[in-house]
Amino acid sequence: MTARLCADADDAVAGVRDGSTVLVGGFGMAGMPVALIDALIRQGAKDLTVVSNNAGNGDTGLAALLAEGRVRKVICSFPRQADSWVFDGLYRAGKVELEVVPQGTLAERLRAAGAGIGAFFCPTGAGTLLAEGKETREINGRLHVLEYPINGDVALISAHRADGMGNLVYRKTARNFGPVMATAATTVVVQVRETVETGAIDPETVVTPGIYVDRVVKVADHA
Amino acid sequence: MTARLCADADDAVAGVRDGSTVLVGGFGMAGMPVALIDALIRQGAKDLTVVSNNAGNGDTGLAALLAEGRVRKVICSFPRQADSWVFDGLYRAGKVELEVVPQGTLAERLRAAGAGIGAFFCPTGAGTLLAEGKETREINGRLHVLEYPINGDVALISAHRADGMGNLVYRKTARNFGPVMATAATTVVVQVRETVETGAIDPETVVTPGIYVDRVVKVADHA
Amino acid sequence: MSHTSSRAPGQGPLSKHDIAALIARDIPHGSYVNLGIGQPTLVADHLSPTAGVVLHTENGMLNMGPAAHGDEIDPDLTNAGKVPVTELPGAAYFHHADSFAMMRGGHLDICVLGAFQVSARGDLANWHTGAPDAIPAVGGAMDLAIGAKQVFVMMDLFARDGTPKLVSECSYPLTGLACVNRVYTDLAVFDITEHGVSVRQTFGIEVHDLADRLGLPLLTGSPR
Amino acid sequence: MSHTSSRAPGQGPLSKHDIAALIARDIPHGSYVNLGIGQPTLVADHLSPTAGVVLHTENGMLNMGPAAHGDEIDPDLTNAGKVPVTELPGAAYFHHADSFAMMRGGHLDICVLGAFQVSARGDLANWHTGAPDAIPAVGGAMDLAIGAKQVFVMMDLFARDGTPKLVSECSYPLTGLACVNRVYTDLAVFDITEHGVSVRQTFGIEVHDLADRLGLPLLTGSPR
C-alpha cells in the first residue's frame with residue numbers, strides 16, 4: 001500500500017507494540033532518526049529489541065530509550081563507545097541483552113530479510129567468538145558461517161527527501177543503513193527534511209522506492 | 001585499479017581466453033552490449049560459458065556467437081523465444097549445454113558472487129524440477145534451495161554514461177542485469193553511449209561505482 | 001462474502017477482457033501489483049488511473065505506465081514481455097537483483113499469472129509442458145509464483161481439449177508449491193483455502209455442474 | 001626483492017607518521033583502499049593526490065577526501081570513525097549492504113588495520129581484549145579483515161609492557177583467520193608467507209635481534 005504522510009512524529013510512530021523488534025537507522029548521528037526515536041520514547045512501547053549499528057550515545061535518543069528500561073535486547077555491531085555510558089551501565093548490571101554482529105553481516109542479514117533469503121553462508125567472522133554455536137561450512141576452501149535474516153516489526157529511518165509515493169533519496173553517508181532497513185520491516189517509518197510532489201524525484205535516482213515505505217513525516221533538521 | 005578507456009570495442013574485449021565464463025547483460029535488447037558481443041565474435045575465444053537472461057535472438061549478437069560454435073554452455077532463465085532458432089537448433093542437436101535458472105535466482109547468484117556470499121537458501125523453485133539434485137532445507141516452515149554464486153571471468157555490459165573513474169549510470173529498464181554483473185566478474189567491460197569528465201556525475205546517482213569497472217568503450221548507439 | 005452468480009446461468013462464459021476487468025475491480029486501492037507477461041497484462045487496461053495501483057515490472061521498474069506508441073517508444077524502456085512501455089510520475093528504476101529481492105521478499109501485494117494447471121492445494125504449473133522435446137525456459141515465473149503476498153491466476157477453466165485446468169494434482173511440472181490464492185476463469189472465480197477450493201462467483205454455470213465437470217469437491221459460502 | 005635495512009641499525013624505531021608514509025609509498029597507483037579507523041587513517045595524509053588512490057569508507061562512500069574543516073563540515077558526511085570528511089570528484093555513495101558487499105566480495109585492493117596481535121600464520125586479533133568485563137564491540141573489523149585482496153596491519157611491534165604483538169599464536173580473541181598479508185611496525189616490515197614470517201625491512205635493529213626479541217623464526221631474502 002502506498003505511503004501515508006503523517007501529521008507529526010507521534011502520529012508516525014503510533015501503534016508500536018510492546019515486544020516489537022525496532023530497526024533504527026543511522027551511523028553515529030548521520031542518518032539517525034532523532035525525531036522518531038524521541039516520539040517512540042513518548043509513545044511508550046517497552047520490552048523492545050533494538051537493531052542499530054550502535055547502542056546509543058550520551059543521554060538522548062537511543063540512550064534515553066535504554067535509560068527508561070524499555071529495551072530488552074540490543075542487536076548491533078558496536079555498542080561500546082566513548083559516550084555509551086547508559087548502555088554500558090545497563091549491560092554490566094545485566095539489564096539488557098546484547099547480540100554483537102559484524103557490521104557487514106548486520107547489513108546483509110537485514111538485506112536477507114528484505115530480499116526473502118532464508119539464510120546465507122558468510123565468510124565474515126568464521127573461526128571467531130562471534131561464530132560460536134553457529135553452523136559453519138567450508139565452501140571453495142573457505143570457512144563460512146550460516147547467518148539468518150533479521151526482520152523488524154518497525155523500522156525508524158531518516159532520509160533527505162520523499163515524494164508523494166514515498167520514494168526516498170538520502171544525502172551523502174547519511175544513507176548508510178536506511179535503504180536496507182526499509183526493506184526489512186513490516187512497518188517502515190521515515191523522517192525526512194523535505195517532501196516534494198510525486199514526479200519531482202528523477203526515477204533514475206530513487207534509492208528507496210515507495211513500495212518499502214509506510215509512513216513519512218517531515219521534521220525540522222536538527223543538524 | 002581504476003578503469004581504462006579503450007580505443008574501440010576490439011580493444012575492450014582483448015584477451016578473453018578460451019573456456020571463459022562470460023556474463024552478458026541485457027534483457028531483450030534493452031541493455032544488450034551489442035558492440036562488445038560483436039567484438040567478442042571477432043576476438044575468437046571459444047569453449048565459452050555464457051551467462052545471460054536469454055540465449056540469443058535472430059541471427060546477430062549472442063545468436064551469432066552461438067552459431068559460430070563458440071559456446072559450450074548457456075546459463076540463462078529464458079532460452080526459448082520466438083526468434084531463438086539458433087540456440088534451439090544447437091540445443092536439440094546436443095551441441096550446447098543448458099542450465100536454466102529462475103530469473104531472480106540468476107540475479108541473486110550473480111549478486112552473491114559479487115558480494116562474497118558463499119551460498120544462500122532461496123525459496124524460489126523449491127519443490128520443482130529446477131531444484132532437483134540441489135540441497136534443500138525447511139527454514140521457518142518454508143522449503144528453500146541452496147544456491148551457489150555465479151562468477152564470471154569477464155562481464156560485458158552496456159551502460160548509458162561513464163566518467164573517468166568508471167562510475168556508471170544506466171537509463172530506464174536498460175539497467176537490468178548490468179549492475180549485478182559488474183560486481184561478479186574478474187574483468188568488467190562496459191560499452192557506453194557517452195563519457196563525461198570525472199566529477200560530472202552526481203555522486204548520489206552513481207549506480208555502478210568505478211571500483212567494479214575495468215574497461216570502458218564509447219560506442220555509437222544503434223538504438 | 002458468500003457465493004454469488006454475477007450472471008444468470010446460461011449467460012455463458014466471460015471473455016478474457018471480462019476476466020481482466022473482474023481482476024482489476026478486485027485489486028484494492030494503492031496496491032503494488034505485478035502482471036507477469038501475456039494475458040494477465042490485459043488487467044492493466046482495466047485499472048482506472050484513480051485506483052492508485054502501482055505496477056511493477058520485474059526487469060526493474062515501479063510505476064510502469066501503459067504501452068508506448070509512436071514517438072513514446074524508447075528501446076531502453078520495456079516491460080517483462082519486452083514490449084515498449086511508458087513511465088508514470090513517481091516511477092523508480094532498479095537493477096535485476098533489487099527487483100527480484102522486492103518480489104521474493106514479499107513486498108508486492110498481488111501478482112497475476114497465467115497457468116497451464118492449478119491444483120486444489122494451490123500448486124501452480126505454468127512454465128513447462130513436460131513434453132520430452134521442449135526446451136525448458138522459466139524466466140521469472142518461479143519468482144513471481146512465490147513472491148507476492150497474494151497470487152492470482154487468470155486462465156480458461158478448461159483446456160482446448162476439454163480437460164480441466166483446475167485439478168486435484170498437477171500433471172505438468174510445477175512452478176511453485178501451494179502458492180496460488182485465487183483463480184479467475186471464464187466460468188468461475190475460486191479461492192484456494194486450507195479447507196479446499198471455494199467458489200466465489202460463477203458465470204453461466206451452476207456450482208454442482210462445475211463440480212461435476214471438474215471432478216473436484218467445491219466449497220461454497222464464506223471463503224476464508 | 002631482498003631484505004633491506006632502510007636505516008642504519010641504531011637509528012631507532014619509526015614514528016607512527018613514518019610508518020604511515022611507508023605504507024602510503026607501498027600502495028600501487030590507482031588502488032582502492034580502506035584505512036579502517038584510528039591509526040591507519042594517518043596513511044591518508046601521506047597519499048599524494050597524484051597517486052590516484054581511491055579511499056573507501058565502509059559507511060558507504062568511495063573517493064572520500066580529507067577531513068573536513070570549518071565550513072566544509074557536513075553532519076551527513078563522515079568516515080567510519082564518525083569524523084567529518086570531504087568528497088572528491090568522482091565520488092559515489094551507496095548503502096551499508098552494498099558497501100560491505102564491496103568489501104566482502106574482494107573488490108578493495110588493500111585494507112590497512114590496527115592490531116592487538118598478528119600471528120605468524122596471519123591470524124588477526126584487533127577487536128576484543130578478552131578481558132572478562134569488556135563489552136564486546138566489533139564494528140566492521142571482521143568484515144575488513146577478510147574482505148580486501150591484501151590486508152596490511154599497522155602497529156607497534158611490542159606492546160607497552162614489552163610483549164611482542166607479532167606472535168606464534170594469538171592469545172586475544174581472533175578477528176579473522178590467516179587474513180593478514182603484511183605487517184608494518186616501528187621496527188620492521190614483515191610479509192606473512194606460506195613458509196612463515198619474512199622480514200622485508202628493519203629500522204634500527206638487526207634481524208637476528210628481532211628474531212630473539214620476538215621468539216619467532218624469521219625468513220629473510222625473497223618474499224613471495
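Keep in mind the model is a prediction, meaning the values are calculated, not measured.
Counting only heavy atoms from C-beta outward, the side chains of B:Lys172 and C:Asp74 approach each other to under 4.5 Å.
Considering all non-hydrogen atoms of both residues, B:Pro79 and C:Pro136 come closest at CG-O, 3.2 Å. The minimum heavy-atom distance linking B:Ala30 with C:Pro75 is given by the pair CB-O, 3.5 Å. Closest approach of C:Ala97 and B:Val180 over heavy atoms only: CB-CG1, 3.3 Å.
Note: C:Arg104 leads C:Met61, C:Met103, C:Arg104 in heavy-atom pairs under 4.5 Å with chain B. Contact count against chain B (heavy-atom pairs under 4.5 Å) is highest for C:Thr78 among C:Leu144, C:Thr78, C:Thr175.
Atom CG of B:Asn140 has 12 or fewer neighbouring heavy atoms from other residues, nucleotides or ligands inside a 6.0 Å radius. Other residues, nucleotides and ligands contribute at most 12 non-hydrogen atoms within 6.0 Å of the CG atom of C:Asp71.
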Item to complete: For the pair C:Tyr93 and B:Val207, evaluate side chain to side chain contact (heavy atoms under 4.5 Å, CB included) and give the outcome as yes or no after the intermediate values.
Response: CA-CA 11 Å; C:Tyr93 295 104; B:Val207 174; over 6 Å; no
Practice prompt. Could you give me the CA-CA distance, side-chain angles and deciding distance for C:Leu77 and B:Arg171, then say whether side chain to side chain contact (heavy atoms under 4.5 Å, CB included) is met?
Written response: CA-CA 8 Å; C:Leu77 180 49; B:Arg171 208 174 149 269; over 6 Å; no
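Distance check, rounded to the nearest 0.5 Å: OH of B:Tyr91 to CD1 of C:Ile135 gives 6.5 Å. Taken to the nearest 0.5 Å, the CG atom of C:Asp143 stands 5.0 Å off from the OG1 atom of B:Thr105. Residue C:Phe100 holds its CZ atom at 3.5 Å from CD of B:Gln103, rounded to the nearest 0.5 Å. Within the model, atoms NE2 of C:His128 and CZ of B:Arg80 stand 8.0 Å from one another, a figure rounded to the nearest 0.5 Å. Taking CD1 of C:Ile37 as the reference point, atom CZ of B:Phe78 lies at 5.0 Å (rounded to 0.5 Å).
A side-chain N or O of C:Lys82 and one of B:Asn54 form a donor-acceptor pair less than 3.5 Å apart.
Taking the six-membered ring for Trp and thresholds of 30 and 60 degrees, B:Phe177 and C:His96 have nearly parallel ring planes, at less than 30 degrees apart.
Neither the backbone nor the side chain of C:Asp98 comes within contact range of chain B; no heavy atoms are under 4.5 Å apart. Looking at B:Leu98, the atoms closer than 4.5 Å to chain C (heavy atoms on both sides) all sit in the side chain, from C-beta outward. Heavy atoms closer than 4.5 Å to chain B are found nowhere in C:Ser99, neither backbone nor side chain.
Checking side-chain atoms of B:Thr173 against main-chain N and O of C:Asp76 turns up a donor-acceptor pair under 3.5 Å.
The contact list for residues 111-136 of chain B toward chain C, using heavy atoms and a distance under 4.5 Å, reads B:Arg111, B:Cys122, B:Pro123, B:Thr124, B:Gly125, B:Ala126, B:Gly127, B:Thr128, B:Leu129, B:Leu130 by residue number.
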Under 3.5 Å, side-chain donor or acceptor atoms of residues 148-156 of chain B against the rest of the protein: list the pairs with distances, not counting sequence neighbours.
unit_1: B:Asp153; atom_1: OD2; unit_2: B:Thr21; atom_2: N; d: 2.8

